[in-house]
Engineer: 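This is the structure, below, for whatever I ask next.
Here is the naming used below: chain letters follow the sequence lines, and residue numbers restart at 1 for every chain.
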Protein chains: 2
Amino acid sequence: MLEITATTPEAQALCPIRNVLANINGKWQPLILLSLEDGPLRFSAVRRAIGDITQRVQTQNLRALERDGYITRTVSAGPPLAVFYELTPLGVSLLSVLKPLVHWAGESYPAVKAARAVYDGKLRG
Amino acid sequence: MLEITATTPEAQALCPIRNVLANINGKWQPLILLSLEDGPLRFSAVRRAIGDITQRVQTQNLRALERDGYITRTVSAGPPLAVFYELTPLGVSLLSVLKPLVHWAGESYPAVKAARAVYDGKLRG
DNA sequence: CAGTATCCTTTACGATACTG
DNA sequence: CAGTATCGTAAAGGATACTG
């Protein structure tokens with residue numbers, strides 16, 4: 001049973017769902033995790049896989065994902081310096097439930113776009 | 001195959017995944033959708049189901065979910081005025097891939113908390 | 001009851017320059 | 001190569017008061 005009700009500040013802070021979800025529902029986290037699906041990637045390779053994302057934001061997101069245990073960060077002493085990011089078992093597990101959602105998003109885009117057109121049309125009369 | 005790479009502004013704006021995901025990965029959208037799982041609810045009932053969420057933010061989120069075609073809004077003329085929110089087939093479909101993720105979040109909280117403790121411990125030495 | 005209206009704070013994200 | 005530092009913008013969210 002999924003418990004989503006939280007009335008007190010303590011309950012809100014402790015709510016497992018709010019707590020875990022908060023760090024994987026950003027703009028980039030799902031894309032970063034997905035980019036690592038087929039194996040470890042270097043920092044620059046992750047960046048190329050996503051295309052648009054600044055170094056700064058990518059670093060922030062990678063650190064947050066590492067902190068929550070979804071990926072590991074391994075430094076390969078250089079020069080040149082190489083840093084590899086790789087999914088942990090927990091990250092693989094997360095990806096197994098995240099992928100269907102991302103896949104659904106890709107598939108449902110036409111339906112969503114159509115719904116938006118209808119809604120926006122009604123607003124204008 | 002999931003295509004997440006977007007290098008040009010046009011590709012980023014059109015990317016189905018970024019586009020659809022953007023409106024379902026907020027702090028409240030998953031919780032709101034989940035609250036409607038067992039049938040239509042009134043505005044105030046949704047609020048009680050979630051516990052913490054201001055009227056303003058709930059309204060904003062409900063409108064966005066309605067616009068993207070996940071829920072419908074039905075006004076029952078009063079007085080007293082009653083407004084019901086209900087999942088559409090598209091919303092039910094979304095929930096079918098969203099629920100596993102939320103469920104995973106709830107189950108994985110201990111693992112995530114442990115990972116955070118390890119990470120934060122390393123930072124302090 | 002189901003919202004709006006205002007105002008404010010926080011967080012995420014982005015652009016650019018610089019560094020071990 | 002893989003970041004960090006600084007600065008700035010924008011979007012999300014929150015608090016409170018008011019209304020058809």
Engineer: At under 4.0 Å, does any side-chain N or O of A:Tyr85 touch on OP1 or OP2 of D:dG3?
Structural biologist: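 For A:Tyr85, the contact criterion (side-chain N or O under 4.0 Å from OP1 or OP2 of D:dG3) is met.
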Engineer: Could you check if a side-chain atom of A:Val46 sits within less than 4.5 angstrom of a side-chain atom of A:Gln58, using non-hydrogen atoms only?
Structural biologist: yes
Engineer: Write down the distance between CD (B:Gln29) and P (D:dA12), rounded to a whole number of angstrom.
Structural biologist: 8 Å
Engineer: I need the CD1-P distance between A:Ile32 and C:dA12, as an integer number of Å.
Structural biologist: 13 Å
Engineer: Roughly, in whole Å, what's the span from CD in A:Gln60 to P in C:dT11?
Structural biologist: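 One finds 13 Å between P of C:dT11 and CD of A:Gln60, rounded.
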Engineer: To the nearest 0.5 Å, how far apart are CG in B:Leu87 and CG in B:Leu33?
Structural biologist: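 Rounded to the nearest 0.5 Å, the CG-CG separation comes to 6.5 Å.
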Engineer: Consider only side-chain N and O atoms of A:Asn61 and A:Arg56, and report whether a donor and an acceptor are under 3.5 Å apart.
Structural biologist: no
Engineer: Mind checking if B:Phe84 touches a base, just sugar-phosphate, or nothing, with heavy atoms under 4.0 Å?
Structural biologist: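 No contact at all - B:Phe84 keeps every heavy atom at 4.0 Å or more from the nucleic acid.
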Engineer: Please pick, from D:dT4, D:dA2, C:dC1, the nucleotide with the shortest atom-to-atom distance to any side-chain atom of A:Arg63.
Structural biologist: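 That would be D:dT4.
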Engineer: Quick check on D:dG14: is either OP1 or OP2 less than 4.0 Å from any side-chain nitrogen or oxygen of B:Lys27?
Structural biologist: yes
Engineer: I need the CZ-P distance between A:Arg56 and C:dC13, as an integer number of Å.
Structural biologist: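 Between P of C:dC13 and CZ of A:Arg56: 10 Å.
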Engineer: Ion pair present between B:Asp52 and B:Arg47, side-chain N to carboxylate O less than 4.0 angstrom?
Structural biologist: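 No, this pair does not count.
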Engineer: Are any of the side-chain nitrogens in A:Lys99 or A:Glu37 under 4.0 Å away from the carboxylate oxygens of its partner?
Structural biologist: yes
Engineer: Who does D:dC1 pair with, Watson-Crick or G-U, both distances under 3.5 Å?
Structural biologist: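 By the stated definition (distances under 3.5 Å), C:dG20 pairs with D:dC1.
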Engineer: Side chain of A:Val83, heavy atoms from C-beta onward: which of C:dA15, D:dG13, D:dG3 has the nearest atom to it?
Structural biologist: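 Nearest listed nucleotide: D:dG3.
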Engineer: Without decimals, in angstroms, what is the distance between B:Gln55 CD and D:dT19 C1'?
Structural biologist: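 So the CD-C1' distance, B:Gln55 to D:dT19, works out to 11 Å.
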Engineer: Tell me which nucleotide among D:dG3, C:dG3, D:dG14 gets nearest to the side chain of B:Thr59.
Structural biologist: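 Closest nucleotide among those given: C:dG3.
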Engineer: Can you tell me how far P of C:dT11 sits from CG of A:Leu21, to the nearest Å?
Structural biologist: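 Rounding to the nearest Å, CG of A:Leu21 and P of C:dT11 are 18 Å apart.
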Engineer: Where along residues 37-49 of chain B does a heavy atom come under 4.0 Å from DNA chain C, residue by residue in number order?
Structural biologist: B:Arg42, B:Phe43, B:Ser44
Engineer: Using the closest heavy atom to pick a nucleotide of DNA chain C for each, name whichever of A:Leu81 or A:Asp52 lands nearer the 5' end.
Structural biologist: A:Asp52
Engineer: Can you measure B:Gln58 atom CD to D:dG13 atom P for me and round it to whole angstrom units?
Structural biologist: 13 Å
Engineer: Nearest-Å distance, CZ (A:Arg73) to C1' (D:dG3)?
Structural biologist: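 From A:Arg73 CZ to D:dG3 C1': 8 Å.
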Engineer: Please name the residue in the list B:Leu21, B:Val20, B:Leu98 that meets the side chain to side chain contact (heavy atoms under 4.5 Å, CB included) test with A:Trp104.
Structural biologist: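 By the side chain to side chain contact (heavy atoms under 4.5 Å, CB included) criterion, A:Trp104 pairs with just one of B:Leu21, B:Val20, B:Leu98: B:Val20.
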Engineer: If you take all heavy atoms of B:Ala49 and A:Thr5, which pair is closest and at what distance?
Structural biologist: O-OG1, 2.5 Å
